[in-house]
Amino acid sequence: MVRLPFPILNVLLKPPLPPHFCTMTLSLIQQPAKLILSRQPVVFKVQSNSAEIPLRLEGSISGFSGDSIQADAQKKAVFELSDYLQGLVTERGNTAATPVIYTAVPKEVTFSFKEYAGDPAVAGTELVTDTYYVLEGSVPKPRRKVLYAANASLLSYLILSKSCLSWWPVAEAKRIIPTQKEFINYLQVYSQSPVTITLNLRLSFTDGSYSNIGALFTVASVAYMRLVYFPTGYADLGIAALAAQFTDKTLAFYSVTVNYGPPNHSDAISSAYTYIIDTGYFQNPRTLYLRNAFGLLEILLCTGLGEQENAIKPELAVTDGQLLPDKLAWKVTKSDSVSVNTGFLSSAQTQWLSDLLDTTEAYELIGSNLHPIVFKDISISPVHDNDFIFSADLQYEYAYSEVIETGE
């Protein structure tokens, strides 16, 4: 009798592995850019080298359920997973007076793909992707043709254009009033490593001169794909006091950029956003906050006269007139609506407004609180090639929440 060494005997006695367990591997042959918009298709194409039949492939966000698809003759399957991204981004836009780094925007996710082969199906290889970054939004449809003709993705557009997360036309100045808040949301796509960035200010005067004030805010160690909120309003930046230092000059407008470039942060890594201060009188100005196509808040100043209309519609019921009067109002519907005008806009600003009004979330600033509103009727002037000035009439109602009183 020949006595086998223990290691060899152990290998001989161990049951053989299923063929698919030894041979199955998964590979990604198509995937989206690292920055994902959840309201546009998010497509992965996966391929297996398994020889097993039947073969199913499963795709999901890691930690959640997903789709299971029968692989085709080439062992491939295509997954469109945008539906599973809805509702993952829960942090809304900031409105603070100082810079803020968003903690959960964009939302970081990974995707998982698995093989199931044989009959009965046995789980095989699992492929987990690198990190992706999710914004709850989409590129507005009128912009898609131009954007994707010149850029492979939104991420490449943001890198090349240095735009913040807004479709405001950066080549044009935004008209604001002194009490109005303004802000930009900058996505750090400049460096794969954390960087310290600043918000830099330039004052421009009516005589054509300007002064580079330099850094007003500094935010340290901003990681790649982190979103930073910068206030840019007249009051938050202290523009009045800064402009008053130039006693022989009159301020025409001011511009802000996000800067890098140690040691003095001299390099602009964002587009320049310009604001013109309108000190004219506006009767009942109203400031609206609307959620934009990136899932963040933007401000729309409505000028002109705000008209508040109260419409009350009773619904009548008819009785026999014995126990109750023969006619009574059993239900009353009250409509509390406001009509405002945006003031003059350029054609590019009108397009920005059209994109912005394609929203399901809007507020009016009342005191220091944002009160939810819903739009009823919106009328935006048609944009013709030979026209240069436009405006929009907006009508909206307040959306009230029921208040539940509690004892003290």
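Within the model, atoms SG of Cys164 and CZ of Phe230 stand 9.0 Å from one another, a figure rounded to the nearest 0.5 Å. Between the OG atom in Ser337 and the CD atom in Glu397 there is a gap of 6.0 Å [rounded to 0.5 Å]. The structure places OH of Tyr396 at 7.5 Å from CZ of Phe375, a figure rounded to the nearest 0.5 Å. The CD1 atom of Ile269 lies 6.5 Å from the OH atom of Tyr190; values are rounded to the nearest 0.5 Å. Here the CG atom belonging to Asp278 is positioned 8.5 Å from the CG atom belonging to Leu301, to the nearest 0.5 angstrom. Here the CD-CG distance, from Gln180 to Asp236, works out to 11.0 Å after rounding to the nearest 0.5 Å.
Side chain of Glu361 to main chain of Arg291: no donor-acceptor pair is present (N/O by atom type, distance under 3.5 Å, no hydrogens or angles). Side chain of Gln40 to backbone of Val139: a donor-acceptor contact under 3.5 angstrom is found. Between the side chain of Ser156 and the main chain of Asn151, no donor-acceptor pair closer than 3.5 Å is present. Of the possible polar contacts, none joining the Thr125 side chain to the Leu26 backbone as a donor-acceptor pair under 3.5 Å is found. Remark: side-chain polar atoms of Thr198 are not paired, donor with acceptor, to backbone N or O of Asn200 under 3.5 angstrom. Panel note: side chain Ser138, backbone Arg39; no donor-acceptor pair is recorded below 3.5 Å. For Asp207 (side chain) and Ser209 (main-chain N/O), a donor-acceptor pair under 3.5 Å exists by modelled atom type. Not one N or O on the side chain of Gln351 forms a donor-acceptor pair closer than 3.5 Å with the backbone of Ser347. In this structure a side-chain-to-backbone donor-acceptor pair under 3.5 Å is present from Ser270 to Val258. The main-chain N or O of Ser161 is found under 3.5 Å from a side-chain atom of Ser271 such that the two form a donor-acceptor pair.
Not counting sequence neighbours, the partners of Ser68 by the side chain to side chain donor-acceptor pair (under 3.5 Å) test are Arg56. By the side chain to side chain donor-acceptor pair (under 3.5 Å) test, Ser255 is found to be paired with Thr274, residues two or more places apart in sequence or in another chain being considered.
Heavy atoms from other residues, nucleotides or ligands lying under 6.0 Å from OH of Tyr148 number more than 12. Taking a 6.0 Å sphere around CZ of Phe246, one finds it holds more than 12 heavy atoms contributed by other residues, nucleotides or ligands. Summarising the local packing, NZ of Lys376 is surrounded by more than 12 heavy atoms from other residues, nucleotides or ligands at distances under 6.0 Å. The number of heavy-atom neighbours closer than 6.0 Å to CG of Asp393, taken from other residues, nucleotides and ligands shown, is above 12. Counting non-hydrogen atoms of other residues, nucleotides and ligands closer than 6.0 Å to OH of Tyr210 gives a total of 12 or fewer. No more than 12 heavy atoms of other residues, nucleotides or ligands sit less than 6.0 Å from atom CD1 of Ile53.
Between Val134 and Val42, the closest side-chain pair of non-hydrogen atoms is not below 4.5 Å. Ile61 places none of its side-chain heavy atoms less than 4.5 Å from the side chain of Leu81. Taking the side chain as every heavy atom from C-beta outward, Leu28 and Thr129 approach each other to under 4.5 Å. Taking the side chain as every heavy atom from C-beta outward, Pro106 and Leu187 approach each other to under 4.5 Å. Using a 4.5 Å heavy-atom threshold, the side chains of Tyr363 and Asn369 count as separate. Here the side chains of Gln188 and Val228 are not in contact, with every heavy-atom distance at 4.5 Å or above. With a 4.5 Å cut-off on side-chain heavy atoms, Tyr102 and Leu296 count as touching. Proximity of Val338 to Tyr398: side-chain heavy atoms (C-beta onward) are separated by under 4.5 Å at one or more points.
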- Task: Go through the steps to decide whether Leu35 and Met225 satisfy the test side-chain contact (heavy atoms from CB on, under 4.5 Å), and finish with yes or no.
- Result: CA-CA 8 Å; Leu35 182 62; Met225 284 291 185; 3.9 Å; yes
- Query: side-chain contact (heavy atoms from CB on, under 4.5 Å) between Leu365 and Ile299: does it pass, once the steps are laid out?
  - Reply: CA-CA 10 Å; Leu365 182 65; Ile299 289 178; over 6 Å; no
- Task: Check the pair Ile184, Leu199 against side-chain contact (heavy atoms from CB on, under 4.5 Å), reporting the backbone distance first and the verdict last.
- Result: CA-CA 10 Å; Ile184 57 175; Leu199 184 76; 4.0 Å; yes
- Item | ring pair (Phe, Tyr, Trp, His ring centres under 6.0 Å) assessment of Trp352 paired with Phe390 | CA-CA 12 Å; Trp352 163 80; Phe390 309 89; over 10 Å; no
- Message: Please evaluate residues Asn292 and Asp355 with respect to the criterion side-chain contact (heavy atoms from CB on, under 4.5 Å), reporting the C-alpha separation (whole Å), side-chain torsions for both, the decisive distance (0.1 Å), and the verdict.
- Response: CA-CA 8 Å; Asn292 69 12; Asp355 296 337; over 6 Å; no
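Checked against a 6.0 Å centroid threshold, the rings of Tyr132 and Phe44 count as neighbours. Taking the six-membered ring for Trp and the full ring otherwise, the centers of Phe113 and Phe79 sit less than 6.0 Å from each other. In this structure, Tyr275 has its ring center no closer than 6.0 Å to that of Trp168.
One side chain, Thr25 or Asn49, offers a donor N or O that lies under 3.5 Å from an acceptor on the other. Side-chain contact, Lys181 with Thr95: no donor N or O sits under 3.5 Å from an acceptor N or O.
Taking every heavy atom of both residues into account, Glu298 and Ser166 meet most closely at OE1-OG, 2.8 Å. Shown here for Thr196 and Ser221, the closest heavy-atom pair between the two residues is OG1-N, 3.6 Å.
At a threshold of 4.0 Å, the pair Lys75-Glu115 does not count as salt-bridged, since none of the basic side-chain nitrogens sits closer than that to a carboxylate oxygen.
Ring pair Tyr254/Tyr234 is tilted by interplanar angle, where 30° to 60° counts as tilted.
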